[in-house]
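No experiment lies behind these values; they were computed from the predicted model shown.
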Amino acid sequence: MSTTLKYQEKALKLVGTRPLRPDGVDKVTGRARFGADYNLSGQLIGKVLRSPHAHARIKSIDTSAALALPGVKAVVTREDFAEMPDELAAVGELTINFRDVTRNMMAREKALYDGHPVAAVAATTESVAKHALALIKVDYEVLPHVIDVVEAMQPGAPLLHENQYTQGVKPRPERASNVAKRLEFGRGDVAAGFAAADVIVEREFSTKPVHQGYIEPQACLASYSADGQAELWTSTQGHFVFRAQCAKVLQMEVAKIRVTPTEIGGGFGGKNNIYNEALAIALSRKSNHPVKMVMTREEVFRGTGPTPGANVKVKLGATRDGKITAAEAELNFQAGAFPGSPVNQASMCAFTRYDLENVRVVGNDVTVNRPKVAAYRAPGAPIAVFGVESVIDEMAKKLGLDPIEFRLKNAAKEGTQTYYGPKLGVIGYIQTLEAARAHPHYSAALGPNQGRGVATGFWFNIGNETTCSLNVQEDGSLTLNLGTIDVAGGSRASMAMMVAEELGIAYERVRPIVGDTSTLGFNFLTAGSRSTFASGMASVIASRQVIEKLRQRVAKIREVPLEAVAWKDGQALPADASAAQFAPMSLTEIARMAGKTGGTIAGHAEINAQGAGPGFGTHIVDVEVDRQTGAVKIVRYTVVQDVGKAIHPAYVEGQMQGGAAQGIGWALNEEYVYGDDGVLQNPGFLDYRIPVASDLPRIDTVIVEVPNPNHPYGVRGCGEVPIIAPMAAIANAIENATGLRLTQQPFSPPRVLQALDAAAAAKG
Amino acid sequence: MARNHVTTTVNGDPVEFLCETGQTLLEALRDELRLTGTKEGCGTGDCGACSVIVDGRLLCSCLMLAVEAEGKAIATVEGMADGETLHPLQRKFIEHAALQCGICTPGILIAARSLLERNPDPTESEIRYWLAGNLCRCTGYHKIVDAVLDAAREMRGA
Amino acid sequence: MRYEVPKTLEAAITLLAGAKGGARVLAGGTDLLIQLRAGRAEPELLVDVKAIAELRSIEAAAGGYRIGAAVTCMELIENAAFAEAWPGIVDGVKYIGSIQVKGRATMGGNLCNASPAADSVPSLIAAGARVCIAGAQGWREAPVEDFVRGPGKTSLAEGELVVTFLLPRRAPRSGDAYLRFTPRTEMDIAVVGAAVNLTLDDQGVCSSARVSLGAVAARALLVPAAAAALIGTRVDEAALLRLAGAASAACKPIDDKRGTKEYRIKVAGVMARRAAEIALQRAGGKD
């Protein structure tokens with residue numbers, strides 16, 4: 001049964017204010033414990049041996065010398081893990097196949113990327129473990145590899161999986177292919193639409209894989225006991241999902257694994273999947289000691305999932321008065337070594353900002369010899385939108401229309417039929433466009449070599465399985481046990497605020513925690529911008545249950561009918577002058593008597609939250625281009641976004657600024673660099689260049705609130721939308737500054753200079 | 001292989017530990033002294049999450065050997081507060097929501113403290129360039145800069 | 001692996017000689033520790049030279065400066081007198097990593113690590129700096145431009161170490177500057193580095209100049225043709241154009257993950273020109 005709770009407009013005391021977050025002091029004093037900060041006595045250090053080849057058959061693995069090294073207590077290889085059949089599961093906004101999960105965690109037949117794990121050891125110290133890795137002999141038969149998506153799609157390309165036949169193609173192809181799946185969304189008649197257009201713009205784009213770039217490498221600590229139970233501490237976006245994945249690949253009963261989520265040092269989708277966790281449990285089982293595994297930064301880059309790189313084609317047709325008549329896109333996404341890129345989600349987000357009759361989007365999910373991709377904040381959407389919003393901008397220019405004006409003429413609104421299924425409900429896209437147009441940034445003067453660009457983003461956001469429990473303690477303080485991981489520090493505060501708002505009590509009386517998997521039922525990951533929406537809904541349901549029970553308790557204590565008891569501002573009082581009168585009771589008074597009047601008062605919720613409200617954003621960016629070096633500097637940035645309701649505005653602003661900063665890095669400098677040998681050349685923060693403080697200006701934010709009718713406080717997810725628009729906005733700004741349309745990401749200085757010089761040569 | 005014995009001072013307290021020659025100060029702080037407030041983000045001096053102050057000098061503890069700590073005075077994030085009284089930077093970071101996941105926060109607090117000890121009235125640009133060695137992936141740096149400016153103002157008594 | 005902290009230069013030389021090639025000098029360690037961690041260096045002995053007085057001081061000497069090889073970048077930056085005399089050298093030093101890295105890194109280490117992109121080297125070459133080297137065989141001096149042989153290779157014989165840098169007396173109306181190109185504002189390895197050191201006569205004409213480029217060849221280059229473009233001129237637009245051309249022509253760059261050949265050649269000219277403009281301004285040539 002799915003749950004929605006309708007929005008109720010009311011006067012608010014706490015929601016919308018900026019109280020201090022409950023975990024703040026621990027995080028600024030170093031007391032908060034992240035994945036690598038946990039230790040158990042007798043623990044061993046686990047390390048992973050990784051393939052140096054992009055593609056190779058693993059003929060044999062000889063671990064005898066490693067096992068013989070003093071201090072080595074266990075070694076695991078593919079022999080230690082069961083073969084997994086095809087079985088799909090949702091993980092965040094992506095889908096995984098357990099057959100692939102076990103192979104990504106530990107190679108079986110083949111090593112499929114530089115960095116693919118082939119063995120793991122547990123030893124008394126890190127230096128012994130490293131020494132042991134060097135003693136493991138792996139016999140590889142090196143195979144030709146392919147890393148470019150377009151090359152991988154050609155017949156005759158090196159094949160990763162002999163049994164992979166393109167799904168979604170009829171009739172079923174005869175030959176195996178690197179194209180794992182082809183999908184198509186659409187409506188109307190694009191051929192007729194293009195025929196009716198006065199102007200057509202068609203462009204091809206390419207993007208490179210980029211990494212989520214969380215500053216905390218993956219870290220976990222596993223302790224397996226002889227009675228078949230395992231404890232696992234890990235930095236994760238979803239402890240229940242990790243438990244499920246470990247249970248599956250280790251063939252253990254779910255309830256026998258207890259996962260405690262540590263504080264998480266950034267995830268952005270990259271910590272939705274297990275990497276070392278099942279290896280650590282297996283090593284702990286074999287060695288009879290706890291095993292701690294912390295990735296190095298190099299391992300994070302070589303072994304964990306980046307986004308796809310992609311090839312994107314976009315075609316748009318419009319009439320001279322600015323109406324889009326047809327829109328078409330082809331999205332070819334690298335999935336990495338196993339199928340499952342977010343080409344589905346990207347397809348859904350490509351054109352949904354516009355009310356279109358004739359749309360066709362074709363997507364291809366293509367396996368290549370690179371790490372398996374993982375979600376990265378609005379997975380797939382930034383890539384598709386880079387193409388689409390660039391073409392929208394080019395069309396606006398061709399039609400002589402202001403970029404915001406052109407978007408307004410075609411904007412999606414309530415009731416717009418999407419091309420992938422649902423009709424849009426109440427949304428705030430137009431409001432964000434209008435707020436951007438009215439913002440002083442949009443009309444500010446530009447200096448020499450400067451240009452301005454606009455782009456917009458949409459993400460559908462999700463709800464999903466969520467549980468929580470709310471216990472009233474004997475002194476009237478409350479503990480809220482949440483099942484959703486607090487990745488960015490705002491959600492524990494926001495849930496506590498909603499509970500306090502519902503109960504009419506002080507925020508400080510509610511202590512929110514994220515309990516381990518043994519304390520609650522299944523919760524989906526913190527992904528899809530779902531936690532404030534879904535956990536908020538669950539917290540409100542639990543709060544209302546508590547209020548119900550408090551009223552019942554007071555009715556009993558004061559011996560009045562239940563209908564006579566109202567709850568307001570933290571206390572029970574007579575419903576009105578005509579109801580039975582009684583002396584009011586505060587929450588604290590009731591709590592003190594709870595034991596004797598029937599037991600602890602508590603509320604809980606186990607829901608599948610539906611009705612997540614889609615989010616829209618409009619970004620404005622000014623750039624300055626150094627024409628002699630190609631360097632692009634971000635001079636000014638404004639993010640306008642509809643968040644439904646900002647429970648805690650400071651953390652909503654933080655999401656908008658953080659997402660924009662990641663998008664800026666994606667646009668300007670981030671990319672995976674591979675050699676011809678298929679080996680990653682920049683697995684570190686020196687040459688994988690994320691923005692530093694001096695690279696960015698202030699990022700101004702405008703919060704638009706068009707309440708989501710399906711959440712009690714009107715919340716829409718806000719974390720993902722802000723990463724979607726920056727690439728296109730910056731490409732549009734560069735075009736505005738130089739007249740050059742860049743279609744290859746990143747817009748690094750050599751690319752920009754090459755384009756500038758080519759244009760100058762063409763003129764001269 | 002015999003380990004080295006090191007005697008040093010951390011946050012004003014005399015401490016000793018054993019370490020291999022190749023172990024870094026970061027590893028000794030975290031694994032020998034169990035002071036896990038200082039974090040490893042990269043191990044190569046590119047992210048600043050391991051920032052500490054040694055004899056008054058801001059540096060990456062992943063780029064200093066543990067044996068070099070002999071006789072020195074080391075300051076980590078655990079020593080910034082005075083009992084329950086937070087340092088103004090710590091307080092302002094919470095007030096301004098200048099941290100989200102918090103993994104980079106200890107390193108940034110130490111770096112910001114080092115800046116304000118030298119330059120009590122930095123401009124926004126000076127703050128950004130001083131903190132260029134501290135990567136943050138969550139905040140976009142905007143609220144961090146605001147928090148440092150505000151803490152500096154309070155510390156100047158302005 | 002052993003760790004020793006000699007208190008005198010003689011003790012350090014004895015330790016290095018005794019290790020017969022199995023020792024590494026530890027100053028700031030910002031390159032060495034990364035190599036140790038990656039397994040690219042496996043010495044038996046680390047000789048920490050930071051307790052040796054000669055390697056840690058900044059002194060006026062013979063009208064110029066003598067700088068210890070293990071003086072940190074931050075110490076150099078904070079030395080107001082030195083920064084006023086040689087702002088171009090300080091420019092280079094300021095670009096070495098973050099504040100944290102500069103709190104440990106040294107010019108001696110930057111030079112001896114011999115990366116073609118080392119940020120402090122071009123300005124030292126442009127300044128006409130020399131290094132003083134000591135070993136079991138005694139002392140010798142060498143100009144900085146001859147010291148590095150290629151990537152990761154120097155002219156140091158087994159058991160030798162760099163003790164000090166010598167900067168000559170500064171003529172009046174002199175200015176130097178170093179600029180580099182990087183994709184981000186900080187924290188990158190130079191794609192191209194350019195240093196210009198020039199002196200003007202009392203008519204404002206350039207009487208001497210030295211130009212050095214980094215990251216565009218196997219080692220930092222001294223480019224006499226680029227300097228010749230400035231000497232005898234007022235460092236006007238025409239001279240700057242010739243300078244840029246000579247700088248680009250001198251490049252022998254590679255394609256790597258940080259930049260392509262073509263890009264480096266082009267941008268070398270741009271950086272050399274911009275560095276010359278700053279050097280000119282510092283020499284008092286332009287307001």
Practice task
May I ask you to decide whether B:Arg30 forms a salt bridge with A:Asp37, counting only side-chain N to carboxylate O separations under 4.0 Å?
Solution key: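 Looking at A:Asp37 together with B:Arg30, the answer is yes, because their closest N to O distance falls below 4.0 Å.
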Which portion of [X] sits near chain A, non-hydrogen atoms under 4.5 angstrom:
X: B:Arg91; value: neither
X: B:Thr44; value: neither
X: B:Ile94; value: both
X: B:Glu124; value: side chain
X: B:Asn134; value: neither

Exercise for the section: Sort by residue number and list every member of residues 28-36 of chain A having a non-hydrogen atom under 4.5 Å from chain B. Expected result: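 A:Val28, A:Thr29, A:Gly30, A:Ala32, A:Phe34, A:Ala36 fall under the 4.5 Å cut-off.
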Handout entry: Residue-level interface, residues 296-303 of chain A with chain B, non-hydrogen cut-off under 4.5 Å
Key = A:Arg297
Problem - Residue, of B:Ser125, B:Gly43, B:Gly102, that accumulates the most heavy atom pairs under 4.5 Å with chain A - result: B:Gly102
Exercise for the section: State, without any angle test, whether A:Glu670 and A:His211 hold a side-chain donor-acceptor pair at a distance under 3.5 Å. Expected result: no
Practice task
Start with the C-alpha distance between B:Lys143 and B:Asp146, add both sets of side-chain angles, then the distance that settles salt bridge (charged side-chain N to carboxylate O under 4.0 Å, His left out), and finish with yes or no.
Solution key: CA-CA 5 Å; B:Lys143 292 182 190 295; B:Asp146 282 346; over 6 Å; no
Exercise for the section: May I ask you to check whether over 12 heavy atoms, not counting those of B:Lys72, lie within 6.0 Å of atom NZ? Expected result: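 Yes - once you tally the heavy atoms of other residues, nucleotides and ligands closer than 6.0 Å, there are more than 12.
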Handout entry: From CZ (B:Arg113) to CG (B:Leu109), nearest 0.5 Å
Key =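 The CG atom of B:Leu109 is 10.0 Å from CZ of B:Arg113, to the nearest 0.5 Å.
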Practice task
Quick one: pull up SG in B:Cys47 and CZ in B:Arg137 and give me the separation to the nearest 0.5 Å.
Solution key: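 It comes to 13.0 Å.
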